[in-house]
*Asks:* 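The structure that follows is given in the form of structure tokens.
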Amino acid sequence: MWNVQKIQPIGNSSGVKEACGVFGIYERSGIQVANDIFFGLCALQHRGQEACGIAISDTEGTRDNMTFYKNLGLVTEVFDHRRLDTLSGNLGIGHVRYSTTGDNTRENAQPLVLNYIKGTMALAHNGNLLNVDELRQELAHDGAIFHTTTDSELIAYLIARARVKTKSIETAVALTAEKLKGGYALLIKSPRKLIAMRDPLGLKPLCLGKRGNAWLVASESCAFEAVGAQFVRDIKPGEILTITSDEIRSDTSCCRQTHAKCVFEYIYFARLDSMIDGVHVYDARIRAGELLAKDSPADADIVAGVPDSGLAAARGYAKAASLPFEMIFYKNSYVGRTFIKPNQEDRSAGVRMKLSVLKPVVSGKRIVLVDDSIVRGTTISGLIRMLKEAGAKEVHVRISAPPFLFPCYYGTDVPSNNQLIASSHSTEEIRAMIGADSLAYMKLEHLSQMSGQTDLCMACFNGTYPV
């Protein structure tokens, strides 16, 4: 029987649904990787701005030589040269996090590090599981006594339990993968192996890169550019990659024919210079604007976008509508994204802190304002008010996504329908509530054309959940 007393989690967490960023590197030449992970996490900072962490080991050292550090704050706030110098080794993983519910504490940061019978393991997780209760019951049935409330800890416990009974960490990961339901991208680091796993539906992105003798894995390809690495390929939905000192092994036993990739990656989450499943995010957002202009034209003088994820769609709209594209906001780059703030009060205060209006550009103008989504309506209403206070004659809002009608259970920061303005109000009601002169959304049937993908999860728009 599995002896849970031999497994000691370092840190504990409260019930959160994470949608974060992960980065890992195995430098086979023995070169130190702490700085690489730091720069990789900086490139993924847009995916989470509340906490971060790094776990590293030396593959030539002892079995339990892992060092790690995690804390609240941006990557540049948590790590400096002195802190990075304490993280020694050529194999490591990192994580950036934002919380959706629960307390934002240091203990909630990742990677999660476990000491257990067979050694030490670190885990970084992006996503959300749907069968948490089932997994807890399974562990309890085996006599496990533990105090864990997060998906990440459950996954780590399952892997550790399986590892006690198997010959390798990758076998333990594969056995665990068969039990998981939901959307996830995982990096697991043992003292001498880096393992990457993506959910069988492909809900969460994960890709492989290379630089010299180093192999890298990240949530987005933009992280490879930050460390001088080359994008190799997307990790297949359901694939488990094991990177060792002399080979890369691919296990596709969990792969399926049917996928459901998150459309919101193309609309909002991913960075503009990333490529997700073979599609450039920039191209997808340009197409979104073009489609929007053809379906929902407006009598206007200029087109502008809400920084940052609305800008490319606004360019596409302006091009298709033969209107000038203008920058009408100055963005304070040192303030986080309002959508991923943990509570409504912080989101509201963040709007004016983050953006200010360029009054000479908007005064007396009829403006098409393009944004990527309306979730709660807080951000866009504040921006419209600011534009009209600055002298804008009209503000016509165009959204490069359909109405957000249903909650996401795979890690996006929308836990319930009562936070979704479109689930209880018509388009005309929303237009009046946000103070726009007109409002139009992307049509649902255009999402595949916009993203270049046909196997999409669009549950937040149509209520059809793949799991």
Side-chain angles (χ1 to χ4, degrees), residues 17 19 100-101 128 183 203 260 262-269 284-285 287-289 291-298 305-306 309-310 313-314 317 337-348 350-351 367-387 394-451 456-466:
K17 301 175 182 177
T100 57
T101 61
N128 190 45
L203 284 159
C262 177
V263 70
F264 219 53
E265 291 287 345
Y266 300 101
I267 294 169
Y268 179 84
F269 274 133
R285 292 181 186 165
R287 284 195 294 270
L291 292 165
L292 195 55
K294 292 176 182 177
D295 286 338
S296 305
V306 177
S309 50
Y317 190 105
R337 303 170 100 184
T338 57
F339 176 70
I340 61 175
K341 290 294 183 182
N343 59 63
Q344 184 62 39
E345 182 179 352
D346 287 347
R347 276 188 292 268
S348 300
V351 175
I367 303 168
V368 173
L369 181 62
V370 181
D371 202 0
D372 52 78
S373 60
I374 297 179
V375 180
R376 303 169 181 89
T378 304
T379 299
I380 195 70
S381 62
L383 295 180
I384 294 169
R385 184 167 56 253
M386 290 164 61
L387 289 172
E394 297 175 0
V395 180
H396 301 273
V397 174
R398 297 294 180 266
I399 303 299
S400 59
F404 212 148
L405 298 173
F406 303 95
C408 176
Y409 301 111
Y410 310 115
T412 302
D413 183 17
V414 185
S416 61
N417 289 71
N418 60 16
Q419 294 188 32
L420 302 173
I421 190 172
S423 69
S424 57
H425 298 84
S426 67
T427 298
E428 175 56 26
E429 288 173 334
I430 297 171
R431 181 207 64 76
M433 291 170 68
I434 65 176
D437 292 277
S438 70
L439 170 64
Y441 293 86
M442 165 84 77
K443 292 183 178 180
L444 185 68
E445 57 265 29
H446 287 331
L447 287 178
S448 293
Q449 188 177 352
M450 175 274 291
S451 64
L456 294 169
C457 175
M458 300 184 286
C460 51
F461 304 128
N462 63 12
T464 302
Y465 295 94

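Just so it is clear, the structure is predicted and the values come from calculations on it, not from any experiment. Throughout, residue positions are numbered sequentially from 1 according to the sequence presented.
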*Asks:* Would you check if L439 and I399 make a side-chain contact, meaning some heavy-atom pair closer than 4.5 Å?
*Replies:* yes
*Asks:* So, do V397 and R431 sit near enough that their side-chain heavy atoms are less than 4.5 Å apart?
*Replies:* no
*Asks:* Nearest 0.5 Å, please: how far is CG in L456 from CE in M450?
*Replies:* 7.5 Å
*Asks:* Contact between V395 and L383 at the side-chain level, heavy atoms closer than 4.5 Å - yes or no?
*Replies:* no
*Asks:* Which atom names give the shortest non-hydrogen contact between I430 and A422, and what distance separates them?
*Replies:* CD1-CA, 3.7 Å
*Asks:* Could you please spell out the steps behind the side-chain contact (heavy atoms from CB on, under 4.5 Å) verdict for S373 and F264?
*Replies:* CA-CA 10 Å; S373 60; F264 219 53; 4.0 Å; yes
*Asks:* Rounded to the nearest 0.5 Å, what's the gap from CG on D295 to CD on E445? Could you check?
*Replies:* 7.5 Å
*Asks:* Give a yes or no on whether the ring-centroid distance for F404 and F461 is below 6.0 angstrom.
*Replies:* yes
*Asks:* Closest heavy-atom contact between Y317 and A293?
*Replies:* CE1-CA, 3.3 Å
*Asks:* Can you see which heavy atom on I434 is nearest to which on G377, and at what distance?
*Replies:* CG2-O, 4.2 Å
*Asks:* Do S309 and R285 come close enough that some side-chain heavy atom pair is under 4.5 Å?
*Replies:* yes
*Asks:* Rounded to the nearest 0.5 Å, what separation is found between the CD atom of E394 and the CD1 atom of I367?
*Replies:* 10.0 Å
*Asks:* Does a side-chain heavy-atom distance below 4.5 Å link C457 with Y410?
*Replies:* yes
*Asks:* Could you walk me through whether Y441 and I374 pass the side-chain contact (heavy atoms from CB on, under 4.5 Å) check?
*Replies:* CA-CA 9 Å; Y441 293 86; I374 297 179; 4.0 Å; yes
*Asks:* Nearest 0.5 Å, what's the SG-CG distance between C460 and L420?
*Replies:* 9.0 Å
*Asks:* Could you tell me which non-hydrogen atom of L369 sits nearest to which non-hydrogen atom of G305, and how far apart they are?
*Replies:* CD1-C, 4.3 Å
*Asks:* To the nearest 0.5 Å, what is the distance between CG on D372 and CD1 on I380?
*Replies:* 9.0 Å
*Asks:* Evaluate the side-chain proximity of V306 to V370: yes if any heavy-atom separation is below 4.5 Å, no if none is.
*Replies:* no
*Asks:* Using every non-hydrogen atom in the two residues, find where A459 and F406 come nearest and quote the distance to one decimal.
*Replies:* O-CB, 3.4 Å
*Asks:* Of all heavy-atom pairs between S400 and M442, which one has the smallest distance, and what is that distance?
*Replies:* C-CB, 3.7 Å
*Asks:* Does R287 use its side chain to pair, donor to acceptor, with the backbone of Q449 at less than 3.5 Å?
*Replies:* yes
*Asks:* With the side chain counted from C-beta on, respond yes when L292 and H446 share a heavy-atom pair under 4.5 Å apart, and no when they do not.
*Replies:* no
*Asks:* What is the ring orientation for Y409 with Y465, classed by angle as parallel under 30°, tilted 30 to 60°, or perpendicular over 60°?
*Replies:* tilted
*Asks:* Please answer whether the main-chain N or O of S296 pairs with a side-chain N or O of R398 as donor and acceptor at a distance below 3.5 Å.
*Replies:* yes
